[in-house]
Amino acid sequence: MKDKLTFYIERESSLHRVNPLTKLVMVFAFIILAFFGPGFWLPSLLVVLGIIPLSFLGRVQREYFRTAGRLLLPVVGFLFLMQSVFHPDVGDSRVLLQVWVLNVTVEGVRFAYLTASRIFVMVSAFILFLLTTHPSELMSDLTRRGLSGTFAYVITATLQIIPQMQAKASTIIDAQRSRGLDTDGSFRKRVGALLPLTGPLVFGSLVEVEERAIAIEARAFTSKLEKTSLREIPDTKLDKAARWFFLLLIVLAFGSKLWPS
Amino acid sequence: MAIVNLQDVTYKYPLTEEPAIRNIHLQVEEGEFVAIVGPNGAGKSTLCYTLSGFIPHFFKGELNGTVEIAGVETQKSSLDEWVLNVGLAFQNPFNQISGSKFTVYEEIAFGLENIGVPRGEMKARVEAAMAMTAISDLADRSPYSLSGGQQQRVALTSILVMEPKVLVLDEPTSQMDPIGTREVFQVIKEMSARGMTVILVEHKIEWIAEFADRVIALHNGEILLEGTPGEVLTSPLLPERGFGISRYTSVARTASGQGLWPGDRRLPITLQEAVDGFARDRK
Ligand SMILES: Nc1ncnc2c1ncn2[C@@H]1O[C@H](COP(=O)(O)OP(=O)(O)OP(=O)(O)O)[C@@H](O)[C@H]1O
Ligand SMILES: [Mg+2]
């Protein structure tokens, strides 16, 4: 089974040492600037002058380019094509080319590019965040700031549902196989064979909830004592200043929307 | 004074007529190793939950009598305080993983984070506990990527790191293969050797014979027999009441019926005892 559950890349870098909340605020600042900030080229500039240099700062540029290239570009590219082609031609823009009965207009292409670049900013800011922030660190930091421990638990536990399901499914498959169930062979046969797995997977989950609850209670999860954290989470003056700066950017971005010059 | 003290304990699950355990009297001395055996539905898990405070704090229902550990009574304590004295581990290792941690190291630290242990001490305790249960090499692995035996050792370590006074184990090896079983027993043995009070529910009779100071046979929610492993595990009452017994005991009993095992010799429990016992007559 895959041993890695997170995007996180353990590495020594200045970006890794930034407080998780600061990074989260930064991500939101990027997104809000991209969606609400002024100017057609702003989202593209954010990528070129913001996110990409930051990926170098975090020494995760290779992983960033790989994820963005494999995951994001195809999706965003597809979106761009669809939007260009299907943007309604209201007749006030130059037609670039015709696809079947649809006109691709300059206006359509501009609109598609803007949407695509905004989405690119949003997703790649999150990728950069996930690459350089350990989820446990984020949760510990937020808990320290007053987020409920139960809520944090639910979030991190949810992040692990897929590996849990995988691990359990493979146990069940092994068990069924050892009783002679054929899970190889043709696609139809395989789907048929997998159906009996859903029972134990779902029913098992219900029984599990109680045991899981007992197990975490046994480790004092509901203790009234103040929790501590295994991970040391940095939070410097610079972090605080940076958070205010990004908040200011967010306000300015909204402002530019409300009061168009 | 006994560290565990149960006086006339009877417990009924909600919405049930019959008590799952009744009139239980049990004293366990500090450092003692007590094993509990019993057929399915005998009330072994119920007794474990009672000892570990989940009855009455998690499972409602009706608890009578007094349950006292280290001088404190459950009814007068709360679960989050109780679990600091009594550690509980059970069958399914998978369900004992907190589900919110990414590495074994973090998983083991989970309980210490919950009770606010400072970071430096936390790390020292996690590392010491991992060394004790021989899982230091798993520290950076995901808890999901481990074998059953490894997962169960992680679960045990996660409890041990909390430094409970009493360890309650409900069939910790029932889902393990022989290798996993051996790994888990290694840990239990080590803990017991260090003076931990252990209460273990177990079906694998031969292991009990090797480790336990005392065995309690539970039947229909009541204590049927109590004594040394040699006395209890070879009692003719056990097979009559549907207990699983060691195959060596049952072979020797049959042999004894045919005069091949002297009637005055204690029946064997382990393979070694059987071999020794039968070999003696060959001379
Ligand atoms: N949550 C529950 N609600 C109601 N009745 C229960 C509950 N859990 C167990 N029981 C009943 O209590 C009795 C004792 O069950 P318990 O699980 O303690 O037995 P056990 O000795 O651990 O059995 P096993 O060997 O199957 O683990 C059984 O009759 C069982 O049906
Ligand atoms: Mg049980």
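Letters A, B, ... are given to chains in the order of the sequence lines, protein chains preceding strands, and every chain is numbered from 1.
Counting only distance, with no hydrogens or angles, the side chain of B:Asn114 and the backbone of A:Lys227 share no donor-acceptor pair below 3.5 Å. Of the possible polar contacts, one joining the B:Arg119 side chain to the A:Arg231 backbone as a donor-acceptor pair under 3.5 Å is found.
Between chain A and the residues B:Gly116, B:Pro118, B:Gly111, B:Gly148, the most heavy-atom pairs under 4.5 angstrom are made by B:Gly116. Annotation: maximal heavy-atom pairing with chain A below 4.5 Å, among B:Ala155, B:Gly87, B:Ser158, occurs at B:Ser158. Taking A:Ile216, A:Thr228, A:Thr222 one by one and counting their heavy-atom pairs under 4.5 Å with chain B, the maximum is reached by A:Thr228. No other option in B:Leu112, B:Val161, B:Ile97, B:Ile159 has as many heavy-atom pairs under 4.5 Å with chain A as B:Ile97. Between chain A and the options B:Ala109, B:Ser98, B:Ser78, the largest number of non-hydrogen pairs under 4.5 Å is found for B:Ser98. Of the listed residues B:Val83, B:Leu88, B:Leu79, the one with more heavy-atom pairs under 4.5 angstrom with chain A than any other is B:Val83.
Between atom OG of residue B:Ser52 and atom CD of residue A:Glu217 there is a gap of 11.0 Å, rounded to the nearest 0.5 Å. Remark: A:Leu225 CG to B:Glu113 CD distance equals 13.5 Å, nearest 0.5 Å. Atom OG of residue A:Ser223 and atom CD of residue B:Glu81 lie 8.5 Å apart, to the nearest 0.5 angstrom.
Taking the side chain as every heavy atom from C-beta outward, B:Glu107 and A:Arg219 approach each other to under 4.5 Å. With contacts defined as side-chain heavy-atom distances shorter than 4.5 Å, the pair A:Ile214/B:Phe90 qualifies.
Contacts between A:Glu226 and chain B at a heavy-atom distance below 4.5 Å involve the backbone alone (N, CA, C, O). The contact between B:Ile108 and chain A is made entirely by backbone atoms, counting heavy-atom distances below 4.5 Å. Both the backbone and the side chain of B:Ile115 come within less than 4.5 Å of a heavy atom in chain A.
When the shell of 6.0 Å around CZ of A:Phe78 is examined, it contains 12 or fewer heavy atoms from other residues, nucleotides or ligands. Annotation for A:Leu247: atom CG counts as buried by contact number, over 12 foreign heavy atoms lying within 6.0 Å. Within 6.0 Å of the CD atom in B:Glu190, the count of heavy atoms belonging to other residues, nucleotides or ligands exceeds 12. Counting heavy atoms of neighbouring residues, nucleotides and ligands inside a 6.0 Å radius, atom CZ of A:Arg66 exceeds 12 of them. More than 12 heavy atoms of other residues, nucleotides or ligands lie within 6.0 Å of CZ in A:Arg11, so this atom counts as buried by the packing criterion.
A:Arg144 pairs by the salt bridge (charged side-chain N to carboxylate O under 4.0 Å, His left out) definition with A:Asp141, not counting sequence neighbours.
A salt bridge is absent between B:Lys123 and A:Glu232; no separation between the charged side-chain nitrogens and carboxylate oxygens falls under 4.0 Å.
Heavy atoms only, all atoms of each residue included: A:Ala220 and B:Met162 are closest at CB-CE, 3.9 Å. Minimum heavy-atom separation, B:Phe54 to A:Ala218: CZ-N, 3.8 Å. Across all non-hydrogen atoms, the minimal contact from A:Glu211 to B:Asn92 is OE1-CB, 3.7 Å.
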- Message: Set out, in order, the CA-CA distance, both residues' side-chain angles and the distance that settles side chain to side chain contact (heavy atoms under 4.5 Å, CB included) for B:Glu106 and A:His134, then state yes or no.
- Response: CA-CA 12 Å; B:Glu106 292 182 335; A:His134 197 289; 3.5 Å; yes
- Task: Go through A:Glu210 and B:Phe59 one step at a time and tell me if the side chain to side chain contact (heavy atoms under 4.5 Å, CB included) criterion holds.
- Result: CA-CA 10 Å; A:Glu210 182 175 275; B:Phe59 295 98; 3.8 Å; yes
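Using cut-offs of 30° and 60° for the angle between ring planes, the B:Phe110 and A:Tyr153 rings count as tilted.
Of all residues spanning residues 122-131 of chain A, none has a heavy atom less than 4.5 Å away from chain B's heavy atoms.
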